[in-house]
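In what follows, a structure is listed as structure tokens, so that the remarks can point back to it.
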Protein chains: 2
Amino acid sequence: MKHYWHIILYGSLLAVLVFLLKWLQWKFLVTDNAVEIYVGLAALLFTALGGWLASRLISRRVQTVVIEKEVVRTVAADGIDDEARRKCQFSAREYEVLELLVKGYSNAEIAEQLFLSLSTIKTHVSNILFKMDVKSRARAIEKAKRLKITR
Amino acid sequence: MKHYWHIILYGSLLAVLVFLLKWLQWKFLVTDNAVEIYVGLAALLFTALGGWLASRLISRRVQTVVIEKEVVRTVAADGIDDEARRKCQFSAREYEVLELLVKGYSNAEIAEQLFLSLSTIKTHVSNILFKMDVKSRARAIEKAKRLKITR
DNA sequence: CCCAAATTCATACTTTGGTATGAAAGGAAT
DNA sequence: ATTCCTTTCATACCAAAGTATGAATTTGGG
């Protein structure tokens, strides 16, 4: 709606390029295989143009999804600690451990399910608690459920 | 990495179109202004191609954003399942302890808040875990939240 | 009043949780 | 190639959780 300038810009570029091509044709038509050159050139140019155009138009879709991001902000307004969220950038493994931890599994059970040693789970859990800024798995469970960190 | 076919397909299409344009040129070059026609045609074709290509390549980003959508939906109204709680037969005090336990508080913190000794809390917690048929406070928290026993 | 249940507290003990530290191996980015 | 991050594991140590048992006090109902 408010992006008419896209079409205008595209039309203008089209016109300019057509004139450019006309000029190229007038200058190089004396040689035969010059045609392929500027056709290929035009193809590349317009492919790039189409790609740029599509990327601009698709970026609008991303912005539409960003509206759903604002719903996240709404949750943040309801009590999500943005600073905590940034600190909570879990690694892939840590998130796996967290999912089981939140289900109430003990370290030994998590180790068994992920085929890892108890030491490894202890390390992961310790790092998770640090990243979540809590001092016990009980608080981690409560916080994770409250902030909807896991499903 | 595993999308080499994109480039291959693009190259093939480019070749085909160049040959097509060559044929158009051979057929319509007798007339002068036919040049603008197939140049415009080529422009449109390659613009569309570029757009399609870009849309295919960019479609991934949109999916990445959608993941954050799942974090959003949270505002579900949560009520207490009285029946689930009655099945556990908690005493008044036990329920008080349970409410704090589910919030992730440690035994010491619960004792402090209820003005009771640590021993008393341990007794209550132990009885709560027995009544809930779980073996750790972590599982108790998970179960209580899943069955909506507390607020 | 008496009984049963609830509440409180303690002591001792075992298990689990959590921290600190170090180290080794593999992957990815510069 | 080197550096950084992740993942893995180990050992040691301290704190917290959980169990078992016993006991004193309170409370509500028959």
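Every chain is numbered from 1, with letters handed out A, B, ... down the list of sequences.
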Reported [atom1]-to-[atom2] distance for the pair [X] and [Y], which is rounded to 0.5 angstrom:
{"X": "B:Ile128", "Y": "B:Ser91", "atom1": "CD1", "atom2": "OG", "result": "7.5 Å"}
{"X": "B:Arg139", "Y": "B:Asp133", "atom1": "CZ", "atom2": "CG", "result": "10.5 Å"}
{"X": "A:Tyr95", "Y": "A:Thr150", "atom1": "OH", "atom2": "OG1", "result": "5.5 Å"}
{"X": "B:Ser106", "Y": "B:Glu109", "atom1": "OG", "atom2": "CD", "result": "3.5 Å"}

Inset, instruction - Please round to 10 degrees the angle between the axis of the first five pairs and the axis of the last five pairs in the helix from C:dC1-D:dG30 to C:dT30-D:dA1. - result: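 Between the axes fitted at each end of the helix from C:dC1-D:dG30 to C:dT30-D:dA1 lies an angle of 50°.
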Just how far, in rounded Å, is [atom2] of [N] from [atom1] of [X]?
{"X": "A:Gln89", "N": "D:dC5", "atom1": "CD", "atom2": "P", "result": "13 Å"}
{"X": "B:Leu101", "N": "D:dA17", "atom1": "CG", "atom2": "P", "result": "9 Å"}
{"X": "B:Lys131", "N": "D:dG18", "atom1": "NZ", "atom2": "P", "result": "17 Å"}
{"X": "B:Tyr95", "N": "C:dA5", "atom1": "OH", "atom2": "C1'", "result": "21 Å"}
{"X": "A:Ile128", "N": "D:dT7", "atom1": "CD1", "atom2": "P", "result": "10 Å"}
{"X": "A:Leu98", "N": "C:dG17", "atom1": "CG", "atom2": "P", "result": "15 Å"}
{"X": "B:Arg139", "N": "C:dG17", "atom1": "CZ", "atom2": "C1'", "result": "15 Å"}

Inset, instruction - Using a 4.5 Å cut-off on heavy atoms from C-beta on, say whether the side chain of A:Ile149 contacts that of A:Met132. - result: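 Counting from C-beta outward, A:Met132 and A:Ile149 do come under 4.5 Å.
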Legend entry - Heavy-atom side-chain proximity of B:Val125 to B:Arg137 below 4.5 angstrom: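 B:Val125 reaches B:Arg137 side chain to side chain.
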Inset, instruction - Scan nucleotides 19-30 of chain D nucleotide by nucleotide, 5' to 3', and note B when protein non-hydrogen atoms come under 4.0 Å of the base, S if they reach only the sugar-phosphate, - if neither. - result: S-----------
Inset, instruction - Tell me, please, which residues at least two apart from B:Gln113 pass side chain to side chain donor-acceptor pair (under 3.5 Å). - result: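 Side chain to side chain donor-acceptor pair (under 3.5 Å) list for B:Gln113, sorted by chain: empty.
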Inset, instruction - Tell me, please, which residues at least two apart from B:Ser117 pass side chain to side chain donor-acceptor pair (under 3.5 Å). - result: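 B:Ser117 satisfies side chain to side chain donor-acceptor pair (under 3.5 Å) with B:Thr120 once adjacent residues are dropped.
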Inset, instruction - Considering non-hydrogen atoms only, spot the tightest contact between A:Gly104 and A:Ile141 and give its length. - result: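 Shortest heavy-atom separation between A:Gly104 and A:Ile141 comes out as CA-CD1, 4.5 Å.
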Inset, instruction - Identify the heavy atoms of A:Gln89 and A:Lys131 that sit nearest to each other, and give their distance. - result: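 In terms of heavy atoms, the two residues are closest at O-NZ, 3.3 Å.
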Inset, instruction - Please determine if a side-chain N or O atom of A:His124 lies less than 4.0 Å away from the OP1 or OP2 oxygen of D:dT7. - result: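 For A:His124, the contact criterion (side-chain N or O under 4.0 Å from OP1 or OP2 of D:dT7) is not met.
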Inset, instruction - With sequence neighbours excluded, give me every salt bridge (Lys or Arg N to Asp or Glu O under 4.0 Å) pair touching residues 95-105 of chain A. - result: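 Checked against salt bridge (Lys or Arg N to Asp or Glu O under 4.0 Å) - neighbours excluded - the pairs reaching residues 95-105 of chain A are A:Arg93-A:Glu96, A:Glu99-A:Arg151.
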Inset, instruction - Specify the residues of residues 106-120 of chain A, ordered by number, for which at least one heavy atom lies under 4.0 angstrom from an atom of DNA chain D. - result: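 Contacting residues: A:Leu116, A:Ser117, A:Ser119, A:Thr120.
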Inset, instruction - Tell me which nucleotide among C:dG18, C:dT7, D:dT7 gets nearest to the side chain of A:Arg137. - result: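 Closest nucleotide among those given: C:dG18.
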